[in-house]
Structure formats: C-alpha cells, structure tokens
Visitor: 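One structure follows; several queries about it will come next.
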Amino acid sequence: MSKVHSDTIRPIRFAKGQLQLLDQRRLPQETLWQTYDAAPAVAEAIRDMVVRGAPAIGITAAFGVALACQRAQGHDDWRARVTGDVETLRGARPTAVNLFWALDRMQAEVTASASAEAAVAATTAAAQRMLDADIAGNRNMGALGAELIEPGRGVLTHCNTGSLATGGYGTALGVIRAAWDASRIEEVFADETRPWLQGSRLTAWELVHDGIPVQVLCEGAAASLLRSGRIGWVIVGADRIAANGDTANKIGTYGLAVLARAHGVRFMVAAPVATIDFDMPNGDGIPIEQRGEDEVLALGGQRVAADGARGFNPAFDVTPADLIDAIVTESGVVEAPTMERLAVLREPAETGSLV
Ligand code: MRU
C-alpha cells in the first residue's frame, strides 16, 4: 500500500510587488514571514540565512532583481541602478553557484528590456518561472532518485535540502519524500547538522509537518549507524558540483561520504543541473564560505565553549567525486560521476538515466 505524503511547505512567495520569505532563523519555534521590497535587504536576508539552501538562494535573488527593477522605475540611470543591486546580490554568499546562475539569467532579462517598466515585467515573470520550474524539476529528481533505492532499509540525510531549501519539495529530501511515498524506505535519519542545526531545526520540522517520521542524530552517531546495516543510502544535496563531480555541500558531508564508503553504504547527491558549475574543473577551486565563530561557540545565543576558545567555522566541505555513487538531477542520473559522464547534462534532451 502506498503511503500518502503531503507537500505543503513553500518558503518563497511574491505578491503585490513584494517578496515574502519564511524566516528560517526562527523555525521550528515560530512561523514568521519577512517582507522585502528592495534588493539590498534581500541580499542581507540571504547572508543572514532568513532563506538558505542553494536553489532557494538563487530563486530569492531572482526576485531580488525584480524588486531592483521596480525601485529603479522613473530614474534615467535605471540600468545602472539595477546592475548595482545585482552586484550586491552576487556578494551575499559565495559557495552556492545557483545564486550566480540565477543572477546571470536575470541580468540577461534586464539587458533585453527597453525600459524599467519592461524590465519589471520580464524579471518578475522570469523569477516566477524559475520558482515553478524548480518545484517541477524537484519532483522529477525525486522520482529518479527513488528508483535507485532498493526497498527494505533506511536513509540518512544531512543539512536541510527540502522545501525550505528550494522553491518546494526539495532535492535530497525530495528523493526521500518520493521514496517514502513509494514505500521504498523504512526509516529516515537526519543529522542535526552542527553548528546551525539545519537538520534538527528545519529537516525535522519539515518531515514532521508533512507526516514523514524522522529520527535526529548528532553527527558523531553517524559512523555506528552506518555500520549497523540499517542504512542503504546516504542522500545529500549540493551547493556546487564541479565539472568532474566533486561536490561542495554543508560541512560534514565529506566525512559522511568517507564513512559511507567504509561501511559499504551508497552515497547519493541530488541537485538540479543549475548546481553544476561546468566552468569549475574540480572541487579545489570552489570558494568555501567561512562564517562567524559564534555559530560554533554558542548554542541558541548562549555561549557554551570555554571563554578564550576560538571558533573554526567553514560552512561547506568538498566531497571528492570518487566517493559519490550517483548524482541525481531533474534531467537524469549520472552514476560514478566523472567529467565525461557529467558533461551529458549540459544539454539535457530527455529525462531518465543518462549514463
Ligand atoms: O548554509 P546553508 O544552509 O545554505 O547550506 C545548505 C546546504 O548545504 C544544502 O545541503 C544545499 O544547499 C542543498 S539545498 C537543496
């Protein structure tokens, strides 16, 4: 009997010329929406993680450009104003390539527009299309990823890759939703994901909200869980996939990949084609965001580390391609990724298994 799942969370909405973001700093304690009408404030929201997750960052920035066009109306130098805002948005966070992918597309809409008014219409429509396409792509990705999962065991995921990290449905969490719905997984485990706790705060909230049981573990429990035989796949998202398949994702992902290989557990990366940076030959060149020490030294605003200790807080790490069993995108699956195999995704013709 197929399990019925719900897919109810949408973190980004645009209405009446305003952008609304579900504030992810406040979840799960509080469901609070923030409203934006200017691009610099949107850049700040991305930097401060009101919204986070690679696809969600890209879509948010796209709506940020629509807001920039709105505010530039009536000014002779409207193009220069919008371009300045696009640069501000580009500087919000460095690792997720979806931000730059989305801004390049929006800048092209601006360049092709004859007036600020035309640019408002073009960018608003393009951002909405990006949002809708993301959700549709995630559903496809979910179905493709679920097919790889042999029924009978559990899955482990890291960070938050769900509706909150995308336009909706999710990437890795979309695969988990689809596999759960098809009764292909027995249980779902989510790393708490120190230091920002995307796993225990966001993934757990989202799965409970949508009726999928979840067990949260601290990262230190992953090795023995993977040794136990209960897990068939580790399934994670990505912030940037280099052309050879090396994958930047939330700090701790690389360690999980090493553990998975050591215990014969398969390792899946689920991400849209927009997350693949074909101009980046391998993971060595991916810029890794360093975040504030306080995120590591404190919990819930309360310092827990000994006074005088310093914090080390890289937000992402890079998993080498040879530790990845499959990269699942909306356009197809690439097993044992290499540069040659991934290149097929540059011009996705059909959906399904590519290699
Ligand atoms: O710092 P964050 O929360 O933006 O990091 C998010 C991640 O690392 C996600 O795993 C990744 O963006 C994929 S989201 C579909």
Side-chain angles (χ1 to χ4, degrees), residues 6-28 30-71 85-86 88-90 92-93 96-106 109 120-139 141-142 159-174 177 196 198 201-203 205-206 209-210 237-239 271-272 274-275 330:
S6 50
D7 166 30
T8 57
I9 300 161
R10 295 290 178 266
I12 304 166
R13 51 195 195 202
F14 192 83
K16 297 188 180 138
Q18 290 189 316
L19 175 65
Q20 294 186 323
L21 299 174
L22 179 55
D23 193 335
Q24 301 190 29
R25 303 166 305 180
R26 308 291 274 266
L27 289 170
E30 200 182 359
T31 305
L32 181 72
W33 288 87
Q34 305 285 359
T35 302
Y36 301 89
D37 59 11
V42 173
E44 189 55 38
I46 294 171
R47 190 171 305 114
D48 204 27
M49 313 237 298
V50 174
V51 62
R52 28 65 49 205
I57 290 171
I59 295 162
T60 299
F63 281 116
V65 177
L67 294 177
C69 294
Q70 276 177 203
R71 299 220 16 146
D85 278 347
V86 169
T88 301
L89 287 162
R90 262 182 213 284
R93 291 188 75 188
V97 77
N98 308 60
L99 174 66
F100 313 106
W101 175 91
L103 289 172
D104 287 347
R105 269 147 195 79
M106 299 306 282
E109 297 288 344
V120 171
T123 54
T124 305
Q128 190 59 52
R129 281 198 304 276
M130 208 177 270
L131 172 57
D132 296 342
D134 184 69
I135 298 170
N138 289 341
R139 287 189 174 278
M141 190 187 306
C159 195
N160 173 266
T161 62
S163 294
L164 292 168
T166 61
Y169 198 71
T171 56
L173 217 55
R177 269 184 219 282
W196 211 74
Q198 287 94 334
R201 295 195 306 105
L202 306 180
T203 299
W205 177 78
E206 187 171 327
H209 191 275
D210 283 351
D239 288 83
T275 303
E330 74 281 26

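Computed from a predicted model, the values in this text were never measured in an experiment.
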Visitor: List the residues meeting side-chain hydrogen bond (donor to acceptor under 3.5 Å, both in side chains) with Thr275, not counting sequence neighbours, and say none if there are none.
Guide: Asn98

Visitor: After noting the C-alpha distance and the side-chain angles of Gln198 and Thr203, does the key distance pass the side chain to side chain contact (heavy atoms under 4.5 Å, CB included) rule?
Guide: CA-CA 6 Å; Gln198 287 94 334; Thr203 299; 5.6 Å; no

Visitor: Phe14: which residues meet the ring-ring contact (aromatic ring centres under 6.0 Å, His included) condition with it, sequence neighbours left out?
Guide: Phe63

Visitor: From Asn160 CG over to Leu173 CG, what is the distance, rounded to the nearest 0.5 angstrom?
Guide: 6.5 Å

Visitor: Looking at residues at least two apart in the chain, or sitting in another chain, which of them share a salt bridge (charged side-chain N to carboxylate O under 4.0 Å, His left out) with Arg201?
Guide: none

Visitor: If you define the side chain from C-beta out and look only at heavy atoms, does anything of Arg90 sit under 4.5 Å from Leu99?
Guide: no

Visitor: About how many Å separate OG1 of Thr60 and CG of Leu67, when rounded to the nearest 0.5 Å?
Guide: 10.5 Å

Visitor: Quick one: closest heavy-atom pair of Ala45 and Leu21, and the distance?
Guide: CB-CD1, 4.1 Å

Visitor: Between the main-chain N or O of Ser163 and the side-chain N or O of Glu206, is there a donor-acceptor pair closer than 3.5 Å?
Guide: yes

Visitor: Could you report the tightest heavy-atom contact between Leu89 and Val42, atom names first, then the distance?
Guide: CD2-CG1, 4.0 Å

Visitor: Any pair with a residue in residues 45-69 that passes salt bridge (charged side-chain N to carboxylate O under 4.0 Å, His left out), sequence neighbours left out, goes on the list, sorted by first then second residue, please.
Guide: Arg25-Asp48, Glu44-Arg47

Visitor: Tell me every residue that passes side chain to side chain contact (heavy atoms under 4.5 Å, CB included) with Ala38, counting only those two or more places apart in sequence or in another chain.
Guide: Pro40, Arg71

Visitor: Suppose we screen for side-chain hydrogen bond (donor to acceptor under 3.5 Å, both in side chains). Which residues come up paired with Thr161, at least two apart in sequence or across chains?
Guide: none

Visitor: Please enumerate all residues that pass side chain to side chain contact (heavy atoms under 4.5 Å, CB included) together with Arg26, with sequence neighbours excluded.
Guide: Asp23, Glu30, Leu32

Visitor: So, Gln34 side chain and Val50 main chain: donor-acceptor pair closer than 3.5 Å or not?
Guide: no

Visitor: I'd like a table of donor-acceptor pairs (distance under 3.5 Å, sequence neighbours excluded) in which one partner is a side-chain atom from residues 129-137, with atom names and distances.
Guide:
| unit_1 | atom_1 | unit_2 | atom_2 | d |
| --- | --- | --- | --- | --- |
| Asp132 | OD1 | Gln128 | NE2 | 3.1 |
| Asp134 | OD2 | Asn138 | ND2 | 3.2 |
| Asp134 | OD2 | Gly167 | N | 2.7 |

Visitor: To the nearest 0.5 Å, how far apart are OG1 in Thr35 and CD in Gln20?
Guide: 4.5 Å

Visitor: Any idea which heavy atoms bring Leu22 and Trp205 closest together, and the distance?
Guide: CD2-CH2, 4.3 Å

Visitor: Check whether any side-chain heavy atom of Asp85 lies under 4.5 Å from a side-chain heavy atom of Val65, and answer yes or no.
Guide: no

Visitor: Can you give me the closest heavy-atom contact between Gly237 and Ala172, atom names plus distance?
Guide: N-CB, 3.8 Å

Visitor: Apply the test side chain to side chain contact (heavy atoms under 4.5 Å, CB included) to residues Met141 and Thr171: give CA-CA distance (whole Å), side-chain angles for both, the deciding distance (0.1 Å), then the verdict.
Guide: CA-CA 7 Å; Met141 190 187 306; Thr171 56; 3.8 Å; yes

Visitor: Would you name the heavy atoms of Ile59 and Thr166 that are closest together and state the gap between them?
Guide: CD1-C, 4.4 Å

Visitor: Please check: side-chain N/O of Arg139 versus main-chain N/O of Tyr169, any donor-acceptor pairing under 3.5 Å?
Guide: no

Visitor: Taking NZ, NE, NH1 and NH2 as the nitrogens, is one of them in Lys16 or Asp37 under 4.0 Å from a carboxylate oxygen of the other?
Guide: no

Visitor: Under the rule for side-chain hydrogen bond (donor to acceptor under 3.5 Å, both in side chains), what residues qualify as partners of Arg93, not counting sequence neighbours?
Guide: Glu289

Visitor: Could you measure the distance from the CZ atom of Arg105 to the CZ atom of Phe100? Nearest 0.5 Å is fine.
Guide: 13.5 Å

